[in-house]
Structures are given as structure tokens and as C-alpha cells.
Chemist: 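Let me give you the structure first, and then I'll get to my questions.
Residue numbers count from 1 along this sequence.
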Amino acid sequence: MPSNQNPLGARPARFRRQRLLIVGCGDVGQRVARDLRGNRGVRLLALTSTPARRASLRAQGITPLLGDLDDARSLRRLAGLGTRVLHLAPPPSASEEAPRWWLDPRTTALVQALRRRALPQGLVYASTSGVYGDCGGAWVDESRPAAAHTARAMRRANAERTLRWVGRQGLRASILRIPGIYAPDRAGGTPRARLLRGTPVLRPEDDVYTNHIHADDLARACIAALWRGRAQRIYNVADASDMRMGDYFDLAADLYGMPRPQRVSRSQAQGELPLTLLSFMGESRRLRTTRLAHELRVALRYPTVELGLRGTPVR
């Protein structure tokens, strides 16, 4: 983990500071920056394709770098800049009718830029637990083979393969497989809007297990992986909640003093709900997080969604 202690004697600070490059500096990236801001041993850099964001990033102690993952030429300046890289950017959306729709060209472009000079000391990639596919409600650890079948998960799986490839060239890459991210202070980070819309959930006999992680805990897991993650290692990042999707929405409704959502059969849902939502209802798994606790040594502040939705950390 980063430290303010200096083991390098009298070398100038600009040579001994770690430089963390955040690629995809949205909500989670800004939480990472917030947690590291007081550490004088880390300089924060962030790639942004939006010039208007530069002032906001600077105000958070982050040096903005203009570049676009969809324009490989704009990424050349990234080579050698970051001693560690946090890759939070999602793959582009693409219709399954588009050529090579299952690829993530953004991760490929980033890797090509980083390889132009000496590789970073480490890279952490935020993937999705969706790469496991439907596991029938089974408990899943990181040794389970990927079996992605949705387009978004297949693109994440492609990004993972790209990073494993560059790992064989000497980059210490760690992959975080992440489920649903929530937080009361995150845009769209609670079930409230869906409850207000009255969107139904599956009846218990058709329901699926779902997994969650509070955005603050995810940020802490990212930092831990940057300094403690093992080479080419996968880490499930989820809380200890063991619940089905409908129970999650019932819990949220009770906390907010709102009506519980209607329960419907799977056949009813298929006729009423959008395909994107149905795709989440078609996968059921429970994530084991032994590596998160033992290797990364992350103790969650919000070990259950109830604590997280209430905003009551355990420490």
C-alpha cells in the first residue's frame, strides 16, 4: 500500500512518487482519488475525453490528461506516465449485428499505448461478474471458468484476455470481477427510482440470486489490488449479502417506506420487461470473496446491502 515513508533517501519527490493513472474516472475513480488524496506518495492522473471536466478533476487533486480510448492516436502520451494504472472504463456498446461486436477495442488501444515504453508496475481492471454467466444460484469462486453469454459480458471477457496476454509480456495485471455497484450518494445508486416506477420482480420460485458491492468498498478494493494484487490474479469483489433479487427490492422498499414491488412469473416478466433487465434476471450466482479478504486484506465497511442502504458502516 502507498506510504508517506521515504525508503529512497534524498531523491527528489518527483522521482520517488507513485503516479496512479485512472482510466475511466467516473464515480468509482473519484472515490479512489478521494481516498488517496492525502497521501503525498501518490500523484493522481486521470484520462478524460471531455475538456470541460478538467477543472472539476483539478479541484479534486487530479491532473487531467486529454485523450479518448476510441482514438488510439490520442493515447500515445500515456506511455510511461503511470507507475500504476486503474482501468475502470467500460467497453463501447455495440449491436450484435456490428462487425467484431464481442471485442473491447478500448482496452486494446490502452494496452498498445502503455507498451510503447516501460510497462507500469501494476494494472487493475474492473471487469464484471457477468463473465461467469448463469450459474444456477451456485456459489462461485475465481477458479470457475468464464462462460459469458451476454454481449456486455463477452466484451469484458475479451478485455480480460487482452490483459492476460500483456501480463505474459511482464505487466502485473489484476482483474476485479464486480457485481452491481450501489451507494446512496451515487447517481442511480439505489433501487428507489425503480421502486417509484413500479417495476415488478420475479416470484420466489423463479427468482435469481444477485450480488452487490458498495461504491466506497469497491474503491478500497481497487486501491488494495493496485498495491497488493497478485500477477494475473482474479478477485471477486462483493459483499456478504446472500439474497435473491426480489428480496433486495423488498428490503429497499421497507427501508424507504414504499410499497413492495409486484411479484410476477418469469413468463409474465418476459412479456412486460425490457430485454436488458431480463438479461439480469436470467443469471443467478453467489460470489465467494475469500481472496478479497485474505489476499487483498479488504474488510468491508458495508458488508451487507442493508447497512449500505442505511448508510451505516461497521467501521
Chemist: Look at atom CZ of R43 and say whether more than 12 heavy atoms of other residues, nucleotides or ligands are closer to it than 6.0 Å.
Modeler: no
Chemist: If you round to the nearest 0.5 Å, how far is CD1 of I178 from OG of S127?
Modeler: 7.5 Å
Chemist: Answer yes or no: is there a donor N or O on one side and an acceptor on the other, between the side chain of R31 and the main chain of D217, under 3.5 Å?
Modeler: no
Chemist: Establish, for the pair R192 and Y256, whether the NZ or CZ atom is under 6.0 angstrom from the six-membered ring centre and no further than 45 degrees off its axis.
Modeler: yes
Chemist: Hey, does R84 have a side-chain heavy atom less than 4.5 Å from the side chain of L123?
Modeler: no
Chemist: Counting N and O atoms only, with roles assigned by atom type, does the side chain of T50 sit under 3.5 Å from a partner on the main chain of R53, one being a donor and the other an acceptor?
Modeler: no
Chemist: Any side-chain to backbone donor/acceptor pair from Q30 onto G26? Under 3.5 Å, distance only.
Modeler: yes
Chemist: Give, for atom CG of N236 and atom CZ of R177, the distance between the pair rounded to the nearest 0.5 Å.
Modeler: 7.5 Å
Chemist: Can you check whether R244's main-chain N or O pairs, donor with acceptor, with D207's side chain at less than 3.5 Å?
Modeler: no
Chemist: Within 45° of the six-membered ring axis of F280 and under 6.0 Å from that ring's centre, is NZ or CZ of R152 located there?
Modeler: yes
Chemist: Please tell me if the side chains of C25 and L47 come closer than 4.5 Å, counting only heavy atoms from C-beta onward.
Modeler: no
Chemist: Counting heavy atoms not belonging to L275, are there more than 12 under 6.0 Å from its CG?
Modeler: no
Chemist: Is any side-chain heavy atom of P191 closer than 4.5 Å to one of L309?
Modeler: yes
Chemist: For atom CZ of R194, decide whether the heavy atoms of other residues, nucleotides or ligands shown that lie under 6.0 angstrom number more than 12.
Modeler: yes
Chemist: Is the shortest side-chain heavy-atom distance between L36 and I223 below 4.5 Å?
Modeler: yes
Chemist: Salt bridge between E142 and R233, side-chain N to carboxylate O under 4.0 Å?
Modeler: no
Chemist: Quick check with a 6.0 Å cut-off and a 45 degree axis cone: is R286 positioned over the face of Y209's six-membered ring?
Modeler: yes
Chemist: Can the positive tip of R260 be found less than 6.0 Å from the middle of the six-membered ring of F249, inside 45° of the ring normal?
Modeler: no
Chemist: Is a side-chain N or O of R58 found less than 3.5 angstrom from the main chain of T63, in a donor-acceptor match?
Modeler: no
Chemist: Less than 4.0 angstrom from a charged side-chain N to a carboxylate O is my criterion; do R73 and D68 meet it?
Modeler: no
Chemist: For Q121 and R172, run side-chain hydrogen bond (donor to acceptor under 3.5 Å, both in side chains): C-alpha distance rounded to whole Å, both residues' side-chain angles, the deciding distance at 0.1 Å, then the answer.
Modeler: CA-CA 7 Å; Q121 296 174 20; R172 180 180 65 80; over 6 Å; no
Chemist: Would you tell me whether Q270 and S267 have side-chain atoms, one donor and one acceptor, within less than 3.5 Å of each other?
Modeler: no
Chemist: Using modelled atom types and a 3.5 Å cut-off, is there a donor and acceptor pairing between side-chain atoms of R54 and backbone atoms of P51?
Modeler: yes
Chemist: What's the separation between atom CZ in R155 and atom CG in D104, rounded to the nearest 0.5 Å?
Modeler: 8.5 Å
Chemist: What is the ring orientation for Y182 with H214, classed by angle as parallel under 30°, tilted 30 to 60°, or perpendicular over 60°?
Modeler: perpendicular
Chemist: How long is the gap from SG on C222 to CG on L86, to the nearest 0.5 Å?
Modeler: 5.0 Å
Chemist: Are E283 and T150 side-chain neighbours, meaning at least one heavy-atom pair lies under 4.5 Å?
Modeler: yes
Chemist: If you define the side chain from C-beta out and look only at heavy atoms, does anything of T290 sit under 4.5 Å from D141?
Modeler: no
Chemist: Are there over 12 heavy-atom neighbours, none belonging to R37, within less than 6.0 Å of that residue's CZ?
Modeler: yes
Chemist: Do side-chain atoms of T83 reach the backbone of R19 as a donor and acceptor pair under 3.5 angstrom?
Modeler: yes
Chemist: Could you tell me whether the side chains of H87 and T107 share a donor-acceptor contact shorter than 3.5 Å?
Modeler: yes
Chemist: Judged by atom type as modelled, is there a donor-acceptor pair below 3.5 Å linking the side chain of R17 to the main-chain atoms of G41?
Modeler: no
Chemist: Between L300 and V298, is any pair of side-chain heavy atoms under 4.5 Å apart?
Modeler: yes
Chemist: Once rounded to the nearest 0.5 Å, what's the spacing between atom CG of L81 and atom CG of L20?
Modeler: 12.0 Å
Chemist: Quick one, I175 and Y235 - any side-chain contact, counting heavy atoms below 4.5 Å?
Modeler: no
Chemist: For a salt bridge (charged side-chain N to carboxylate O under 4.0 Å, His left out) with D216, tell me which candidate from R186, R301, R34 qualifies.
Modeler: R34
Chemist: Identify whether the distance between the nearest side-chain nitrogen and carboxylate oxygen of R263 and D247 falls below 4.0 Å.
Modeler: yes
Chemist: Does T199 use its side chain to pair, donor to acceptor, with the backbone of L195 at less than 3.5 Å?
Modeler: no
Chemist: Donor-acceptor check, side chain of Q232 to backbone of L171, threshold 3.5 angstrom: yes or no?
Modeler: yes
Chemist: Give a yes or no on whether a salt bridge exists between D70 and R106, defined as a side-chain N under 4.0 angstrom from a carboxylate O.
Modeler: yes
